[in-house]
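A short write-up of the structure that comes next.
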Amino acid sequence: MPRTLEGQITMEKTPSYFVTPEAPRRIYNMSKDTKLIVVVRNPVTRAISDYTQTLSKTPSLPTFQALAFKNSSLGTIDTTWSAIRIGIYAKHLENWLQYFPLSKFLFVSGERLVSDPAGEMGRVQDFLGLKRVITDKHFYFNKTKGFPCLKKPEGSSKPRCLGKSKGRPHPDIDKTLLLRLQDFYRPYNMKFYQMTGQNFGWD
């Protein structure tokens with residue numbers, strides 16, 4: 001990480017940090033004062049989105065059902081598949097809380113980041129001790145992508161939207177399978193709500 005001077009904030013983002021067992025210890029050893037921002041979304045939607053992204057790169061991928069369920073007739077979920085494992089947020093957070101207190105975390109709702117980007121960015125700015133500079137006027141909703149985009153920044157000729165890998169249509173998944181996944185995640189979600197003191201409304 002580069003040196004950070006007084007009055008500066010250095011940021012770095014890597015989705016895999018939250019689910020990598022060694023990451024909390026390494027980050028703590030680098031700086032125990034690090035503030036941690038974790039964007040989470042409904043783990044069922046997250047798993048389907050993960051699958052959709054992989055499918056776009058590997059068209060020969062087995063079906064979502066074949067990967068998510070060890071035995072679809074019994075409904076046994078395959079937790080060894082990373083798309084499923086990543087959404088067990090409570091388990092990952094337990095690992096992080098061995099090194100960092102809850103006060104060092106901000107949990108951002110992926111759903112609210114889409115429905116109210118300025119509101120969630122306001123929370124981020126408060127958490128980082130910054131003046132609220134990013135507001136509603138900086139966003140517009142892109143109907144094609146189904147996501148908010150940043151309006152044209154100064155010195156740029158076009159607005160900033162999420163890349164091509166975001167906003168892809170998801171494959172149709174059987175409703176019974178979705179319900180099984182919801183049932184599987186429910187106890188983990190409830191534990192995560194308790195641990196964070198936030199109800200993300202996924203159930």
Side-chain angles (χ1 to χ4, degrees), residues 13-24 36-58 61-98 100 102 104-117 119-121 123-124 127 145-148 162-163 165-203:
K13 69 171 182 71
T14 303
S16 61
Y17 282 164
F18 189 57
V19 299
T20 302
E22 305 79 24
L36 304 152
I37 299 172
V38 185
V39 181
V40 290
R41 65 191 290 202
N42 183 322
V44 176
T45 318
R46 205 218 66 78
I48 297 165
S49 183
D50 190 320
Y51 172 77
T52 306
Q53 187 155 348
T54 311
L55 185 64
S56 72
K57 296 171 190 166
T58 318
L61 202 66
T63 64
F64 179 84
Q65 178 178 340
L67 293 166
F69 296 89
K70 284 181 185 172
N71 180 327
S72 54
S73 60
L74 295 173
T76 318
I77 311 286
D78 190 351
T79 55
T80 62
W81 184 35
S82 64
I84 296 292
R85 194 176 61 248
I86 289 169
I88 307 172
Y89 303 133
K91 187 177 156 218
H92 307 305
L93 182 57
E94 276 175 348
N95 187 28
W96 282 87
L97 291 176
Q98 291 175 48
F100 292 94
L102 199 59
K104 291 286 181 193
F105 288 87
L106 175 70
F107 296 94
V108 173
S109 160
E111 287 81 12
R112 281 197 298 273
L113 205 50
V114 172
S115 65
D116 179 21
E120 285 299 282
M121 286 307 297
R123 292 180 63 237
V124 169
F127 176 68
K145 277 206 158 299
F147 283 107
L162 292 169
S165 67
K166 305 293 179 191
R168 286 194 191 99
H170 288 177
D172 282 332
I173 313 281
D174 185 90
K175 281 203 168 59
T176 342
L177 299 179
L178 291 178
L179 288 171
R180 280 181 188 166
L181 277 174
Q182 280 172 1
D183 290 344
F184 165 77
Y185 279 119
R186 189 168 291 110
Y188 297 111
N189 291 346
M190 293 304 167
K191 188 174 182 187
F192 186 63
Y193 297 171
Q194 280 179 325
M195 292 168 85
T196 59
Q198 261 180 275
N199 184 332
F200 291 90
W202 297 324
D203 297 288

Polar side-chain atom of [X] near backbone of [Y] as donor-acceptor pair, under 3.5 Å:
{"X": "R46", "Y": "A83", "result": "yes"}
{"X": "T52", "Y": "I48", "result": "yes"}
{"X": "R123", "Y": "L106", "result": "no"}
{"X": "T45", "Y": "R41", "result": "no"}
{"X": "T58", "Y": "L55", "result": "no"}
{"X": "Q65", "Y": "L177", "result": "no"}
{"X": "S109", "Y": "R112", "result": "yes"}
{"X": "T20", "Y": "E22", "result": "no"}

### Task
Using the ring pair (Phe, Tyr, Trp, His ring centres under 6.0 Å) rule, take W81 and F64 through it: C-alpha gap first, then chi angles, then the decisive distance, then the call.
CA-CA 11 Å; W81 184 35; F64 179 84; 5.5 Å; yes
### Query
Step by step, would you call V44 with I173 a side chain to side chain contact (heavy atoms under 4.5 Å, CB included)?
CA-CA 11 Å; V44 176; I173 313 281; over 6 Å; no
Side chains of [X] and [Y]: closer than 4.5 Å at any heavy-atom pair?
{"X": "P187", "Y": "M190", "value": "no"}
{"X": "T196", "Y": "V40", "value": "no"}
{"X": "V38", "Y": "V108", "value": "no"}
{"X": "P43", "Y": "I88", "value": "no"}
{"X": "F200", "Y": "N189", "value": "no"}
{"X": "T79", "Y": "F184", "value": "yes"}
{"X": "L113", "Y": "V39", "value": "yes"}
{"X": "I84", "Y": "L181", "value": "yes"}

### Task
Could I get the full list of side-chain hydrogen bond (donor to acceptor under 3.5 Å, both in side chains) partners for R85, not counting sequence neighbours?
none
### Query
Considering residues at least two apart in sequence or located in another chain, which fulfil the side-chain hydrogen bond (donor to acceptor under 3.5 Å, both in side chains) criterion with Y51?
none
### Criterion side chain to side chain contact (heavy atoms under 4.5 Å, CB included) on Q182 and L179, from CA distance to verdict
CA-CA 5 Å; Q182 280 172 1; L179 288 171; 3.5 Å; yes
### Message
Counting only heavy atoms from other residues, nucleotides and ligands, does the tally under 6.0 Å from NZ of K91 exceed 12?
### Response
no
What distance do [X] atom [atom1] and [Y] atom [atom2] have between them, rounded to the nearest 0.5 Å?
{"X": "L178", "Y": "D183", "atom1": "CG", "atom2": "CG", "value": "11.0 Å"}
{"X": "I77", "Y": "F69", "atom1": "CD1", "atom2": "CZ", "value": "4.0 Å"}
{"X": "K104", "Y": "I37", "atom1": "NZ", "atom2": "CD1", "value": "12.5 Å"}

### Query
Which residues satisfy the salt bridge (charged side-chain N to carboxylate O under 4.0 Å, His left out) test with D78, sequence neighbours excluded?
none
### Message
Once salt bridge (charged side-chain N to carboxylate O under 4.0 Å, His left out) is applied, do any residues pair with E94, and if so which ones, sequence neighbours excluded?
### Response
K191
### Task
Mind listing the closest non-hydrogen atom pair of N199 and G201 along with its distance?
OD1-N, 2.7 Å
### Summary
On a heavy-atom basis, the closest approach of P21 and P24 is O-CD, 3.3 Å
### Task
Could you list the residues that satisfy ring-ring contact (aromatic ring centres under 6.0 Å, His included) with Y89, not counting sequence neighbours?
F192, W202
### Query
Can you pull the salt bridge (charged side-chain N to carboxylate O under 4.0 Å, His left out) pairs that have at least one residue in residues 193-203, sequence neighbours excluded?
R186-D203
### Message
For L102 and M195: C-alpha separation, side-chain torsions, deciding distance, then whether side chain to side chain contact (heavy atoms under 4.5 Å, CB included) applies.
### Response
CA-CA 8 Å; L102 199 59; M195 292 168 85; 5.8 Å; no
### Query
Per the ring pair (Phe, Tyr, Trp, His ring centres under 6.0 Å) rule, which among Y188, F107, F18 passes with H92?
F18
### Message
Aromatic contact between W96 and Y17, with the criterion being ring centroids under 6.0 Å apart: yes or no?
### Response
no
